[in-house]
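Note that the coordinates shown come from a computational prediction; the quantities given were computed from them, not determined experimentally. Chain identifiers are assigned alphabetically (A, B, ...) following the order of the sequence lines, protein sequences preceding nucleic acid strands; residue numbering begins at 1 within each chain.
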Amino acid sequence: MHIELFDTSGFAWSGLAFPPVETPPSTIQAEDLDRWFFEWACDRKGKGALQKEGLFLIHANGRFTRRAHQQDLQGIEILKHIRLTRWLGPAQAWHAIVYSFEPLTSILGRKPGDLILTSPGVTFLRLPEALSLGVALMKAYPNEAAWASLSLQEILARLPKASPQDRGFRRYIACDYTPPDSAHSISNWWGIYEMFLAVFGTEFPEYSDDPSLPERVRDFVLRLETKKAGLLEGSRASSPLAQALLEDALKDRRSHLIKTSARKTITYVDDEASNGWTEVLARILSGNGPSACRLQIIDKASLQLLPPDSDINHNVYVARIHKLANTINQQRPDLLILDLRLLGNGEAQRSPYEASGMDLARAVRSSNRYLPILLFTASNKAETLAVSGSLDIDGYWMKPGLGEHRGLASREEDLLDLLDKLTILLGDDYAWLQRISGAVERIRASKGAHWWEMDVNWPTPVGSPQPDLQRIDTDRHQEVLEYLESILYTARMILKLQATTVTQSHIGNNSGLSLPIVPDSVSGRLCTSLLNQIGQVVELIHNASDWKTDPIPGILGGKAGNDRMGGFWDYQSRVYVFRRRDWWAFYLFAWRNKFSHPGAVADFHDLKRAASDLIAWLISPRVEVKPTNRITRENIARAMCQLGTFKNGRYPVLRLDDQEPSTPLRISRIQIFSSEPKGPNAQDVRFRDQLVMRPEFKTLGATSRRLLYGA
Amino acid sequence: MPVVIVDIRPTRRKKIKEAAEHITGANVRAVAHLADANVAPDVILLHIGSEQEAQKPREVTEILETYQGRAWILCYRGGQNRVAFECASPNVAIFPAPVHALEPELEFLRTVEQVLANWTARETLPDGWFYDTVTGFNPLLEAKLDVLSAALAAGTVSADRVKPLRSLYATAFSNSQYQITFDESGNLLLDRDCLFESVAHLRRVFFHEEVGQLKTDGRRDTEDGGAL
């Protein structure tokens, strides 16, 4: 039986004739008890002394630090440390014999929180009931008459162990616990500790030097108050099965994130970055070689913000916020991670909407509207959760904290949440959004340079006596830009909406969102709106103000078709009129029409492709296709949309106004395009795919591909 | 008597201020940082929690260094501050229990009131009064424990250790059935043949316990300890 003795008075129990009895080494010089205990525990653990069967002998009034007094009851504080330090291993549950001159009632009267003396696994002995430990124990357990015939060693072996992991033990700690003082710093340091555990997989980083915990975090974790908080308010351990599933998911997500973040740049702004968050993020994003993600840090030393408390400093604060925003934009990050309160507790009383992090997000976004921004925060108050819906940010992650900041989630689930959010915001969808916004900015800057801003003399339609001259008499550039901005904004809203509802199981191996969007859902309506806007740009450009009468009568026997020369769809004759030989516009128009009808569902990838195709069409030179052979006409015909039911079961009819015979073809299949062609099949033609194979559309197709997928 | 409360938590400093003003009137300032007070305080109620340091590093250290010689500094915490713990000045004391961020405990507020009420009479107070009052230090209890430990370990207790108790328990010492005497130097001497019983007797005396039928290693002890 190994015995650890904590007594500085020189008192010696008689009967303790058998070794080993270890006393704390005299080399421990810590001034405060928390650090003293840590040094003792490291010494013992290093010597392997705590793995065997053992017992603690503790003088409640022992003095273990220089300025201690006997009435400080440091021995009982050591007992609390023992019960709350899991990395002690089996010794955490060793029986503890605590002795004192003071009666138990006196101790509890002075310090009611010392109820741990009555917990299972503790025997309280009053000095000097007996100098012989065996006699003292027999007095303490009067019901154990059989002990009279046992040796001291045998009695000690029969003393019950403690169960500090049991739920019933919590009350002995709760009675001596005051919740932490500050949510902000506690959540930061506790959050770093939790993430170290989850990310590095080290069980007790405060004990091990690999990885090395930041000193302030280690200092925080070693405190008895923190250990109490960890027991009472820390994360809950998952069941073994859930734990195993989580670990598999973590491995999978981390490797996916490393691939997604390759060659990308992240800017991280946090006044607590240097307290360990940088190490956590760097580890999460770690990859090898030149393709690894680049992490740029703006920490407390670099922030140099003044708190916006007084009017005198307010202007300086605003100027510095904007200067910082410029610095960030110059770094050209692919993702900005931002802490909500960059001024720490200095702005604890400010509304989250007015926090420095939100001010900075707004300043960055004013000149970089589609940069994804992920907000870190250390609070889960209702108003902070409300700010997560702000359109100034794209995502929100709460640093694991204590008490009100904890749910029942484990730290692994918190880490999974962070990995998923990073993957989404660094993924293809947001990267696409940034590429498209860049293209829109280039359109904005090059007013007058595009074909659709100029007069165009389209080929005269067959049978028409008048030429098809498209004249621009409005600010076409401004009108188109308004639509494009709306498309971009809507796309961002869809992403933000989906990010709040997508589940982990859907991320899988696809980067970005590949969920089919429910038509009647908000996302579904937004997608339809986006497609409508794409179609409206086409109609805007082709729906020229030159109103000409369509000279070709409606082929279904109705009246003449409407008189909009540029339009592709004739409402009266219900005929697709393939005018102007702008095949790309025709495809975009028809694609929009397909999803304008109830029941049609597009996913976000379809939207991205359509928007990329639209912008490629706008920024590329105009492509006019000459009349072609019959095969092409049939391909086009087969590629028409079936637009739902019509009267008398009639289908839309394609009419070509090029110089071929205007033979109406009945269309019965829908296949505008598909991202996964199934192979060469005459019955299964993909219109768009056919288009991009033609030499006339090679450049346009390549431009669209670059916008969609990047260089 | 200017009193300054230095605490970055506005709710807590406001409540402490209310308690302090009850004693001192309007001469109390509650600020997040001492520099905002613009006054040389006589008493400082100083929050030494971690976020106070985080907000303004070294502020606690500077306050302790600057004022420990001329003001009472009553420290209180949510967390711990090494500098404050290591400060040896008798004018610096740390309230032992953590003080809640939003609702300071009644015991803490009473301690604040007690300190402020006695500031003007500080010259007449015994040495260490401020420290003992804030920390709840009980010199008598400490002396009792000290004497008992020394007695059990060595059978003798030095004069300076037993001095705080000698006058209080003179009768108990002299009326004991066990040999408890003082030598010329004032050291307490116990009968080594009955050391255990002597110490047990002292313990009963110090903690006002009934003598009763205490069994000590087979011997019955029926003496009235003569507790005062």
Side-chain angles (χ1 to χ4, degrees), chain A residues 7-12 31-32 34-35 59 61-62 65-67 69-72 100-103 105-106 110-111 113 126-132 135 139 176-186 188-189 216 219-220 223-226 271-272 275 300 307 309 343-346 348-349, chain B residues 8-12 32 47 49-56 77-82 85-88 96-102 105 135-154 195-200 202-203 206-209 214-218:
Chain A
D7 193 336
T8 53
S9 67
F11 171 70
E31 287 289 343
D32 70 83
D34 295 335
R35 181 61 69 161
H59 185 185
N61 304 94
T65 56
R66 189 170 59 89
R67 297 187 70 204
H69 302 284
Q70 295 196 60
Q71 63 189 280
D72 294 340
S100 172
F101 285 107
E102 285 190 75
T105 48
S106 166
R110 286 197 297 118
K111 294 185 83 175
R126 186 81 192 282
L127 287 175
E129 288 297 326
L131 282 174
S132 160
V135 171
K139 283 180 158 187
D176 186 32
Y177 175 62
T178 301
D181 200 28
S182 162
H184 184 89
S185 54
I186 293 293
N188 268 294
W189 291 336
R216 287 178 83 184
D219 207 42
F220 168 75
R223 291 182 204 158
L224 183 59
E225 293 302 308
T226 306
D271 58 323
E272 300 281 352
N275 279 332
K300 195 167 192 168
D309 277 344
L343 303 173
N345 279 311
Q349 302 304 314
Chain B
I8 60 157
R9 302 283 279 186
T11 307
R12 183 168 57 196
H47 173 231
S50 50
E51 64 286 357
Q52 192 81 33
E53 273 288 297
Q55 261 302 297
K56 209 169 176 182
R77 59 193 176 93
Q80 288 183 340
N81 180 289
R82 284 242 172 83
F85 270 85
E86 293 172 7
C87 183
V99 176
H100 198 275
L102 296 175
E105 287 80 2
T135 61
F137 181 73
N138 185 336
L140 278 182
L141 174 61
E142 193 67 19
K144 289 174 187 175
L145 294 171
D146 200 27
V147 163
L148 290 170
S149 295
L152 195 60
L195 179 62
F196 180 83
E197 291 80 357
S198 304
V199 173
L202 281 178
R203 190 201 78 192
F206 289 158
F207 289 102
H208 310 288
E209 288 166 343
L214 180 65
K215 286 188 182 176
T216 53
D217 280 348

Side chain, backbone, both or neither of B:F137 within contact of chain A (heavy atoms, under 4.5 Å): both

Side chain, backbone, both or neither: which part of B:L152 has a heavy atom under 4.5 Å from chain A? side chain

Which bit of A:D219 is near chain B, if near means a heavy-atom gap under 4.5 Å: side chain, backbone, both or neither?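 Interface part for A:D219: side chain.
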
Pick out which of A:R126, A:R110, A:Q71 makes a side-chain hydrogen bond (donor to acceptor under 3.5 Å, both in side chains) with A:E102. A:R110

For A:Q70 and B:S149, work out which heavy atoms get closest and say how close. OE1-OG, 3.3 Å

Which heavy atom of A:N61 sits nearest a heavy atom of A:F101, and at what distance? OD1-N, 4.1 Å

Has B:R12 got a side-chain atom pairing as donor or acceptor with B:H47's backbone, closer than 3.5 angstrom? no

Most contacts with chain A, counted as non-hydrogen pairs under 4.5 angstrom, among B:T135, B:D146, B:V199, B:L148: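 Result: the option with the highest number of such pairs is B:L148.
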
